[in-house]
Amino acid sequence: MAGSGPRVGVLALQGDFREHLLVLRELGADAVPVRRERELDDVAGLVIPGGESSVMDKLTRMFGLAEPLKARIAAGMPTYGTCAGLIMLADTVRDAITGQQTLGGLDIVVRRNAFGNQNESFETDIAVAELGEPPVHAVFIRAPVVESVGPAARVLATLDDGRVVAVEQGNILGTAFHPEITHEYRFHARFLERF
Ligand code: GLN
């Protein structure tokens, strides 16, 4: 059931958008899937889900959404990306497929599939000072890491070895892991606080 809170969208071309819709609705938002430009026009904020960034990139361009999305993000629309969504929001992506583009917005360099074959998927607890206790139980699935953070962006969370896995910049939030699949609601709540 749609909530009475802000009307927010989840980019629903590919990936785990259903899980994000459920979390956002659970938090009281009026959350809707976004597949067309007119649906984007109707929302005040957007979540970009996990999935496969190269496919998401192709589909956003094919559906004529890439330019409107870039414009809204640049204009300050609250936006939250998880995993492939974080890649979509990075200004620079390494190990991209040929021709892969991003929407940008975050002053960071991300590397796709940064954990390699041995460590494709794993779970770990991460202390996130901004969120307080308890630590975040983070699930990584063929996840990217943030390799460098420019002056405009801010680190929110790192692994024990110091690698950056969550960042924030103005109205944009990005995590390399998937809170939407672990009942971890605090990142979505932080996104919704922006309305
Ligand atoms: N490896 C994927 C990509 O490059 C991201 C994986 C995910 O979103 N779980 O887009």
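The structure displayed is predicted, hence computed values, not measured ones. Each ligand, and each atom within it, is numbered from 1 in the order the structure gives. Atoms considered below: every heavy atom in the structure, side chains included; atoms not considered: hydrogens, waters and symmetry mates. Numbers here simply count residues along the sequence, with the first being 1.
Nearest non-hydrogen protein atom to atom 1 (N) of ligand 1 is N113 OD1, 2.6 Å. The protein heavy-atom contact nearest to atom 7 (C) of ligand 1 is C83 SG, 2.8 Å. For atom 10 (O) of ligand 1, the closest non-hydrogen atom on the protein side is S53 N, 2.4 Å.
In terms of polar-atom proximity, I141 is counted as a contact of ligand 1, with an N or O under 3.5 Å from an N or O of the ligand. In terms of polar-atom proximity, A84 is counted as a contact of ligand 1, with an N or O under 3.5 Å from an N or O of the ligand.
Each of the atoms 2 (C), 5 (C), 6 (C), 7 (C), 8 (O), 10 (O) of ligand 1 lies under 4.0 Å from some heavy atom of G51. Counting atoms of ligand 1 from 1 in the listed order, those under 4.0 Å from a heavy atom of H178 are 7 (C), 8 (O), 9 (N). Atom numbering of ligand 1 starts at 1 in the shown order; those under 4.0 Å from a heavy atom of G50 are 8 (O).
Summarising the geometry, atom NZ belonging to K58 is positioned 8.5 Å from atom CD belonging to Q100; distances are rounded to the nearest 0.5 Å. For the atom pair CG of L106 and CD1 of I87, the computed distance is 12.0 Å after rounding to the nearest 0.5 Å.
No close placement of the H183 and H137 rings is indicated, their centers lying 6.0 Å or farther apart.
Note on V164 and L131: separate hydrophobic clusters, where clusters join Ile, Leu, Val, Met, Phe, Trp and Tyr whose side-chain heavy atoms are under 4.5 Å apart, directly or indirectly.
At a heavy-atom distance under 4.0 Å, only side-chain atoms of R112, from C-beta outward, approach ligand 1. In M56, neither the side chain nor the backbone holds a heavy atom less than 4.0 Å from any atom of ligand 1. If you look at T82 next to ligand 1, there are no close heavy atoms at all, none under 4.0 Å.
Applying the ring pair (Phe, Tyr, Trp, His ring centres under 6.0 Å) criterion to F177, with sequence neighbours excluded, gives F140, F187.
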